[in-house]
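Contents: one structure, followed by commentary.
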Amino acid sequence: MCRRLDGVLLLAVLVVGGGCSNEGGSTQTLVAAERPNILLIVADDLGYADLGVHGSAIQTPNIDKLASTGSLFTQFHTAPLCAPTRAMLLSGNNNHVAGMARQHRSELAGHSVPGYEASLSDRIAPLPRLLRDAGYHTYTVGKWHLGLTAGKSPLKAGFTRSFSLLDGAGTHFDDVGFFEGGSTYWADEDFSEYPIGRYSTEVYTDRLIEFIDSNKDDGRPFFAFAAYTSPHWPLQVPDEYLDLYAGQYDAGYDALREANFSALKKAGVVPMESSLPPRNDAIVPWEDLSADEQRRESRKMELYASMVDNLDNHIGRLLDYLKKEGVYDNTLIVFMSDNGAAGEDFYNEGPYTEYIQANFDNSYETMGSAVSFVSYDDPWAEAGSAPFMRRKGYTRQGGILAPMIIAGPGAANNGAITSTYVTVMDLAPTFLEIAGAKYPDDGSVQPMLGESMRSFLTGEADAVHSEDYVSTLYHAGRAYLRRGDWKISNLEPPFNEDDFELFNLSADPGETNNLAKSHAEEYEELLKIWRDERRKLGIILPQDL
């Protein structure tokens with residue numbers, strides 16, 4: 001269901017005689033028109049409830065303005081973790097087909113198994129390469145997380161300019177990183193140094209503006225991928241942001257979870273009749289914490305809010321540049337998060353704890369500075385995932401439902417809020433259609449599983465997908481399959497098909513009522529589809545290793 005969309009995108013098609021050479025070295029006939037520029041902005045681990053337009057008290061006026069002039073999608077589905085989402089985003093395909101079955105290759109080390117490359121596979125045609133070959137400039141800054149070598153760099157995927165963090169995360173003022181050896185950066189055609197002392201979000205924004213500016217007068221459109229590393233841990237901010245939200249979260253994470261839920265309903269993002277799922281019993285109740293523990297916990301959320309506020313400020317800088325150059329009105333802008341809110345706390349638990357504790361100081365006085373390594377952590381992540389169950393890493397809705405806004409040519413819907421079901425795989429085919437670019441149909445790569453949203457954005461269609469459209473995902477012992485409003489998923493690894501539960505998301509978006517026994521026929525049908533899909537996609541279950 002959605003409020004009526006009235007924006008119309010007109011793509012005039014004009015064949016230019018003889019074709020056109022481009023930076024990728026290929027030659028093809030271009031679609032000549034006022035093809036829009038495309039700006040894709042990805043926030044890293046931003047929680048569902050953490051935007052002002054979603055009712056949050058965090059100040060995000062620039063992102064909110066995008067929503068007021070475009071469309072706010074309340075049912076945008078990603079993968080549960082960063083790298084699988086990015087693979088799906090740039091391929092229009094399932095994470096296994098795209099090569100990112102796992103963020104790491106540990107479970108299949110030493111084996112060459114399709115789907116588990118931990119980088120973009122040769123079974124897909126990367127979106128930036130297709131846009132480049134259709135005449136677009138292609139730029140990226142920020143997090144890559146799709147390969148650590150020159151052969152798997154942004155350049156190989158079709159980006160012509162880049163300044164990218166190749167790893168899955170990094171510190172925000174330097175290249176110390178969170179593991180021994182530090183972070184790896186890539187600029188255009190080679191490895192690069194990080195400008196020590198400068199804040200990541202500012203650096204990435206400056207570089208992207210520089211890239212766009214370098215070709216602004218040649219008449220060619222651009223695809224710009226701003227893959228920010230904010231607000232991903234560690235929670236570090238410039239000095240002027242350290243106390244921006246001081247004292248605003250002293251009521252604690254349980255109170256914030258309830259406040260977020262109420263705010264989401266008031267903002268029209270979730271239905272008024274929705275119910276808040278029971279709190280996670282693994283989270284220590286706020287009232288059971290000591291005064292000192294509460295003080296430290298509140299500080300975490302203050303810093304996280306400051307990171308989001310800072311991110312919004314730099315997005316505003318980027319948008320102001322486009323307006324100053326007169327290209328804003330012809331730029332399709334997509335803002336999204338890559339998954340649910342993040343609960344990791346590697347300072348206290350995980351494979352990098354020894355290194356992190358030896359290199360960072362998390363005393364209260366230093367929290368948020370460049371010498372600290374603070375995380376949002378489980379309690380605040382579950383508040384940020386309201387009104388859904390769990391968080392990043394899970395295939396429950398709290399891990400795979402993320403904010404998304406689309407504004408600009410073809411999406412000028414003046415604040416439309418839509419609950420139509422869309423997935424991150426739908427963005428690549430949408431961009432290709434809007435750009436007049438083609439996905440290979442010669443059998444050299446697998447067809448995209450995502451579907452273009454263009455007809456929905458223009459009001460020609462009432463939905464992006466039919467009711468029998470199937471989404472399937474498996475990652476690190478957690479899986480789900482969805483068809484229409486019905487979904488099967490498991491909660492915790494190790495994975496076993498007997499652990500699948502059945503939910504009707506239209507009636508139970510919080511996934512609190514397992515219907516596997518009462519709706520056995522529906523359950524068995526989805527289980528059969530799951531088995532067919534996992535074989536087709538190349539999903540390898542732990543018991544098959």
Side-chain angles (χ1 to χ4, degrees), residues 1 73-81 84-85 87-89 91-101 114-115 121 123-124 339 388 394-397 399-402 404 418-430 439 445-453 455-456 461-491 495-509 511 514-516 519-541:
M1 301 294 292
F73 288 78
T74 66
Q75 290 292 310
F76 170 64
H77 291 72
T78 65
L81 285 167
T85 289
M88 295 162 72
L89 173 64
S91 69
N93 221 313
N94 180 270
N95 60 309
H96 276 73
V97 176
M100 197 56 68
S121 77
R123 294 180 297 284
I124 57 96
N339 43 241
F388 308 112
Y394 287 82
T395 50
R396 292 293 204 246
Q397 294 296 90
I400 62 175
L401 204 56
M404 184 175 74
T418 173
S419 60
T420 193
Y421 176 72
V422 291
T423 85
V424 68
M425 296 185 295
D426 300 328
L427 288 171
T430 303
Y439 192 83
V445 290
Q446 294 196 26
M448 289 186 292
L449 296 179
E451 298 179 342
S452 174
M453 302 164 60
S455 294
F456 178 78
D462 293 328
V464 176
H465 299 290
S466 65
E467 281 296 310
D468 59 358
Y469 181 81
V470 171
S471 300
T472 310
L473 188 136
Y474 174 86
H475 188 276
R478 297 188 177 106
Y480 83 91
L481 180 138
R482 176 169 175 166
R483 183 181 66 175
D485 291 330
W486 291 95
K487 174 185 175 182
I488 54 172
S489 71
N490 69 318
L491 189 58
F495 178 79
N496 190 312
E497 288 180 350
D498 293 338
D499 294 332
F500 270 136
E501 296 177 287
L502 174 69
F503 303 100
N504 186 304
L505 296 177
S506 63
D508 180 26
E511 297 170 289
N514 178 14
L515 303 174
H519 291 69
E521 185 175 342
E522 185 75 36
Y523 179 82
E524 290 298 330
E525 187 173 353
L526 292 187
L527 188 58
K528 180 182 182 303
I529 296 173
W530 154 260
R531 288 167 176 155
D532 291 341
E533 287 291 303
R534 73 171 177 85
R535 284 189 286 268
K536 181 167 47 176
L537 296 170
I539 295 173
I540 300 176
L541 300 180

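Quick caveat, the model's predicted, so the values are computed rather than measured.
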One pair to check against side-chain contact (heavy atoms from CB on, under 4.5 Å): W486 and H519. What are the steps and the verdict? CA-CA 11 Å; W486 291 95; H519 291 69; 3.6 Å; yes

Take E451 and F456 through the test side-chain contact (heavy atoms from CB on, under 4.5 Å) and record every step on the way to the result. CA-CA 11 Å; E451 298 179 342; F456 178 78; over 6 Å; no

Walk me through it: do Q75 and L505 pass the test side-chain contact (heavy atoms from CB on, under 4.5 Å)? CA-CA 11 Å; Q75 290 292 310; L505 296 177; 6.0 Å; no

Please evaluate residues Y480 and E511 with respect to the criterion side-chain contact (heavy atoms from CB on, under 4.5 Å), reporting the C-alpha separation (whole Å), side-chain torsions for both, the decisive distance (0.1 Å), and the verdict. CA-CA 12 Å; Y480 83 91; E511 297 170 289; over 6 Å; no

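Under a 3.5 Å cut-off, the side chain of R534 and the backbone N or O of K536 do not form any donor-acceptor pair. Formation of a donor-acceptor pair under 3.5 Å by the T418 side chain with backbone atoms of F73 is not found in this model. Side-chain atoms of S471 do not come within 3.5 Å of backbone N or O of R482 as any donor-acceptor pair. Of the possible polar contacts, none joining the N93 side chain to the A98 backbone as a donor-acceptor pair under 3.5 Å is found.
Closest of all the heavy-atom pairs between L473 and P80 is CD2-CD, 3.5 Å. The nearest pair of heavy atoms linking N490 to G477 is ND2-O, 2.9 Å. Contact record, A79 with M88: CB-SD, 3.8 Å, taken as the closest heavy-atom pair. Across S91 and A428, no two heavy atoms sit closer than the pair C-CB, 4.2 Å. Nearest heavy-atom pair across Y421 and H465 is O-CD2, 3.3 Å. Closest heavy-atom contact between N95 and H475: ND2-CD2, 4.4 Å.
For the atom pair CG of N339 and CG of L401, the computed distance is 11.5 Å after rounding to the nearest 0.5 Å. From R531, atom CZ reaches atom CG of L541 across 10.5 Å, with rounding to the nearest 0.5 Å. The structure places CD1 of I488 at 13.0 Å from CG of L515, a figure rounded to the nearest 0.5 Å. Remark: Q397 CD to F388 CZ distance equals 6.5 Å, nearest 0.5 Å. Rounding to the nearest 0.5 Å gives a distance of 11.0 Å between CG of L427 and OG1 of T78. Atom CG of N514 is separated from atom CD of E501 by 4.0 Å, given to the nearest 0.5 angstrom.
For the side chain to side chain contact (heavy atoms under 4.5 Å, CB included) criterion with F76, the lone passing option out of D426, T423, V422 is V422.
Residues R478 and S489 have side chains that never bring a donor and an acceptor to within less than 3.5 angstrom of each other.
Classification of R483 and E533 as a salt-bridged pair fails, no side-chain N sitting under 4.0 Å from a carboxylate O.
Under the ring pair (Phe, Tyr, Trp, His ring centres under 6.0 Å) criterion, W530 pairs with F495, F500, sequence neighbours left out.
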